[in-house]
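Before any comments, here is the structure.
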Amino acid sequence: MILSPPLLARWRASVSRTASAMPAVHIAVASVALFIGGVASVGLVHDSRGAWGAGLAVLMVAIAAVDARRFIIPDELTAAALALGLAYAAVEDSEIWAQALAWAVLRGVVPALAFLGVRAGYRRWRGREGIGLGDVKLAGVAGVWLDWQTIPIAIEIAAVAALVAYLIMHLYLHRTVRPTTRLPFGLFLAPAIWIAWILDTTLLLYPSAASF
């Protein structure tokens, strides 16, 4: 996907529409998340990768905010995250950039296909959609940015966070929660991708672009 001027214009318009419809408290929370994500990326990852992580944080917060408000993950934001991730892979392994890009694409395809399979299986089993196509594409973003070891970590973090949110809604907010209750999974998966990337580049000490 190429970040052409029309695509960037659609991206800005999508984020602007969402921001204008968000309550002030939600905008404040998103702003704090943006600040924390950017500062943490640069502060925890001291080399040039910190700036890339800050860009990832911005996009993941934007995706989470839009999905939380509209139950949709705009293709413009997904395209931006994919393009940034591919550029990150190529720059981090500039001597073998073609191979790095190929592996990044492969890592993106595998979780996307897995999510697509779950989506098809759930629809066949229950007769309704369980995972949106936006979540499928976001899984591809996870693969492009993360190593094989941390892709499942991101998915597990998102799944646990979604389950906790489900329980809070039911037990503490006393909202009626049914099996058909919709939860914006991108709200949980997008931040989980950034968290897993931080783990990838700090605790695990495996640069994601270089891991094959």
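Computed over heavy atoms, backbone and side chain alike; hydrogens, waters and symmetry mates excluded. The chain is numbered in sequence order, starting from 1.
Side-chain atoms of W145 and R107, non-hydrogen and from C-beta on, never get closer than 4.5 Å to each other. Between L86 and V105 there is a side-chain heavy-atom pair separated by less than 4.5 Å. Side-chain contact between W97 and V91 is absent, with no heavy atoms from C-beta onward closer than 4.5 Å. The shortest distance between side-chain heavy atoms of V141 and L59 does not fall below 4.5 Å. Here the side chains of R70 and P184 are not in contact, with every heavy-atom distance at 4.5 Å or above. Using a 4.5 Å cut-off on side-chain heavy atoms (C-beta onward), V110 and W148 make contact.
In terms of modelled atom types and a separation under 3.5 Å, the side chain of D67 and the main chain of I72 share a donor-acceptor contact. Judged by distance alone, with hydrogens and angles left aside, the side-chain atoms of D47 form a donor-acceptor pair with the main-chain N or O of R49 at under 3.5 Å. Checking side-chain atoms of T150 against main-chain N and O of L146 turns up no donor-acceptor pair under 3.5 Å. The backbone N or O of D147 lies less than 3.5 Å from a partner atom in the side chain of D200, making a donor-acceptor pair.
Closest approach of V136 and A112 over heavy atoms only: CG1-O, 3.4 Å. S48 and E92 get closest at one heavy-atom pair: OG-OE2, 3.9 Å. Nearest heavy-atom pair across F115 and L189 is CE2-CD2, 4.2 Å. Closest heavy-atom contact between V144 and G85: CG1-C, 3.6 Å. Across all their heavy atoms, A89 and A104 have their closest contact at CB-CB, 3.9 Å. Summarising the geometry of G186 relative to P191, their closest heavy-atom pair is O-CD, 3.9 Å, with the distance given to 0.1 Å.
Interatomic distance, CG of L138 versus CD1 of I155, reported as 10.0 Å (0.5 Å rounding). The CD atom of Q99 sits 8.0 Å away from the CG atom of D93 when rounded to the nearest 0.5 Å. I193 contributes atom CD1, which lies 7.5 Å from atom CG of L56 (distance to the nearest 0.5 angstrom). In this structure, CG on D135 lies 11.5 Å from CG on L116, to the nearest 0.5 angstrom.
A perpendicular orientation is assigned to the rings of Y122 and W125, their planes being inclined by more than 60° (bins at 30° and 60°). Taking the six-membered ring where tryptophan is involved, the planes of W197 and Y88 are perpendicular, since the angle between them exceeds 60° and thus also 30°.
E129 is linked by a salt bridge (charged side-chain N to carboxylate O under 4.0 Å, His left out) to R119, R123, counting only residues two or more places apart in sequence or in another chain.
Residue pairs that meet the ring-ring contact (aromatic ring centres under 6.0 Å, His included) test with at least one member in residues 61-82, sequence neighbours left out, do not exist here.
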